[in-house]
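Both counts, for ligands and for their atoms, begin at 1 and track the order of listing. Bear in mind that the values here come from a model prediction, so they are computed numbers and not experimental data.
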Amino acid sequence: MSRSPRLVAVSNRVGPVKGAAAAGGLAVALVGALRERGGIWFGWSGRTVGAGKARLHTEKADGITLATIDLSQHDYDGYYNGFSNNCLWPLLHFRIDLIKFERAQLETYWSVNRRFAQSLAKLLRPDDLVWVHDFHLLPLAEELRRQRMRQRIGFFLHTPFPPTEILSTLPVHESLTRALFAYDLIGFQTEDDLARFRDHVVRACGGRARGEKVSAFGREIRVGAFPIGIDVDQFKRYAFTAPGNKEYARMRKVLRGRDQFIGVDRLDYSKGLLRRMDAFGRYLESHPRAHGKVILLQVAPVSRGSIESYRNFRQELDREAARVNGRFARFDWTPVHYLNRALPRRTLAGLYRASRVGIVTPMRDGMNLVAMEYLAAQDAANPGVLVLSRFAGAAQYLREALLVNPYDGEETAEAMHLAREMTLQERRRRHEALMRRLEAHNVDRWRRDFVNALADAPAWLKATRKKS
Ligand code: GDG
């Protein structure tokens with residue numbers, strides 16, 4: 001029997017291997033897959049160095065090779081802060097108003113992708129499976145093909161895929177879409193994202209879409225929806241064993257019988273924090289009996305703080321939180337507790353468990369893992385309630401949450417009220433159904449489905465020859 005091919009994962013940042021569980025997110029998913037297949041994880045080292053001093057570093061950890069390269073400050077600014085986060089991120093979250101498109105930054109983005117490809121090409125074996133993550137690396141496969149790499153290369157987009165009308169506002173949308181056709185498989189979070197990609201290929205690129213096959217630019221590739229999940233058991237453990245349990249007990253003591261609503265989000269305009277604060281204010285306004293009895297704990301670690309739109313957003317949110325507190329606080333009760341620090345994952349688990357309601361109301365989100373973590377941390381005998389935006393990818397299968405339109409402040413405020421008042425029987429019924437869905441869509445299934453689909457995709461040469 002032939003050995004299964006080695007897996008090579010590529011992402012902007014390379015996560016910790018030893019502390020993967022504590023780091024969460026992508027690290028958990030990838031480390032599991034890389035250990036299974038003895039692979040490489042390749043990405044940026046997180047260091048900026050003088051121009052021309054960038055080096056490739058490799059180290060082994062737990063049977064996995066971590067390979068990283070440095071970037072100069074100029075590259076980092078153009079590739080990461082610039083084109084990735086100031087142009088692609090708002091575009092992918094339907095925020096054309098925030099897009100800053102600069103050709104010089106696009107060039108740097110592309111040249112960093114080329115440098116990634118040149119370094120990675122030296123490490124690849126012919127039968128490797130290469131799995132590329134997220135919007136920082138859209139052109140990576142095209143650059144790898146330029147280096148004569150013929151491996152199967154897959155791409156997974158963690159963000160939403162926008163409608164063609166929005167994508168077409170990007171002056172270089174065609175060259176970026178063309179670059180995507182150098183992959184063999186493209187994975188999206190939801191069926192809706194996949195449908196928008198197909199539609200874009202057909203309407204803006206003159207291509208064809210039939211089932212899981214999409215063709216354009218002389219290439220046929222495979223596409224699919226692979227909704228990401230979490231490690232459900234690990235999160236349960238975090239919430240119910242020390243130190244998560246210790247934090248839970250502390251939180252309960254501090255709450256003294258008050259009900260807590262919890263939000264946990266990177267400080268990002270896509271997460272709906274401003275409208276959430278406003279909706280909480282509306283809730284307090286229309287439910288005076290909740291005064292003194294409810295707290296909103298918002299954990300919002302600063303993210304991408306050197307970008308202007310993020311700094312402006314932070315100021316607005318500071319003002320909005322202060323406005324709600326100024327209006328409703330009493331000397332013995334502060335309704336909004338707002339933190340800009342990241343907390344350890346185990347602490348978060350305890351805080352989720354101590355919270356009666358989880359508030360996850362992004363304006364647009366690829367999937368949203370916080371919604372799942374909140375559910376997994378609940379006590380099945382007395383679970384809290386999840387209020388979830390319809391515009392998070394997670395809403396496509398977490399149907400038993402209280403789904404809201406975050407643009408509708410009154411509806412969101414009313415959902416906060418319903419969540420707090422919900423009977424135990426109803427809470428249990430919903431939680432049970434939601435847990436079944438979480439378990440069916442856990443992170444192991446996500447990575448296995450994607451890697452298997454990639455291994456089954458037709459090889460690059462065959463697909464190319466067919467079209468020529
Ligand atoms: C992207 C897509 C997609 C948050 N605060 C703290 C902390 N976190 C952790 C959460 C969660 C993760 O960060 C956030 O994941 P999300 O899914 O909510 O959002 P993004 O960061 O925007 O992730 C998203 C995801 O990729 C996966 O594909 O779902 O749509 O935008 O795990 O717990 N972790 C710690 N302290 C904090 O204060 N330790």
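Residue Glu165 qualifies as enclosed at atom CD: its count of foreign heavy atoms under 6.0 Å is above 12. Few gaps surround CD on Glu439; more than 12 heavy atoms of other groups in view lie less than 6.0 Å from it. Environment of CZ in Arg252: sparse, with no more than 12 heavy atoms of neighbouring residues, nucleotides or ligands closer than 6.0 Å.
Residue Trp89 places a heavy atom less than 4.0 Å from ligand 1. Not close to ligand 1: Thr159, with no non-hydrogen atom less than 4.0 angstrom away.
For the pair His93 and ligand 1, the shortest N or O to N or O distance does not fall below 3.5 Å.
Using modelled atom types, no side-chain atom of Asp265 and backbone atom of Leu267 make a donor-acceptor pair closer than 3.5 Å. Checking side-chain atoms of Gln298 against main-chain N and O of Gly263 turns up a donor-acceptor pair under 3.5 Å.
With a 4.0 Å heavy-atom cut-off, ligand 1 is reached by the side chain of Ile228 but not by its N, CA, C or O. The proximity of Pro301 to ligand 1, defined as any non-hydrogen pair under 4.0 Å, is limited to the side chain.
When the options Trp131, Phe155, Phe188 are evaluated for a ring pair (Phe, Tyr, Trp, His ring centres under 6.0 Å) with Phe450, the one that passes is Trp131.
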| query | Is there a side chain to side chain contact (heavy atoms under 4.5 Å, CB included) between Arg13 and Trp44 once you walk through the steps? | reply | CA-CA 5 Å; Arg13 289 300 300 273; Trp44 172 45; 3.3 Å; yes

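By heavy-atom distance, the residue among Val360, Val370, Leu92, Asp365 lying nearest atom 30 (O) of ligand 1 is Asp365. When the heavy-atom distances from atom 21 (O) of ligand 1 to Gln189, Lys271, Arg266, Met367 are ranked, the shortest goes to Arg266. Summarising the contacts of atom 16 (P) of ligand 1 with Leu369, Val264, Thr347, the nearest heavy atom is found in Leu369. Proximity annotation for atom 10 (C) of ligand 1: of Arg346, His158, Glu373, Glu373 comes nearest, heavy atoms only.
In the vicinity of Leu348, heavy-atom distances shorter than 4.0 Å reach the ligand 1 atoms 6 (C), 7 (C), 33 (O), 34 (N), 35 (C), 36 (N), 37 (C). Under a 4.0 Å criterion applied to the non-hydrogen atoms of Gly366, ligand 1 contributes the atoms 30 (O). Proximity to Val299 (heavy-atom distance under 4.0 Å) selects the following atoms of ligand 1: 38 (O).
The side-chain tip of Arg266 points at the ring of Trp89 from less than 6.0 angstrom away and within 45° of straight on.
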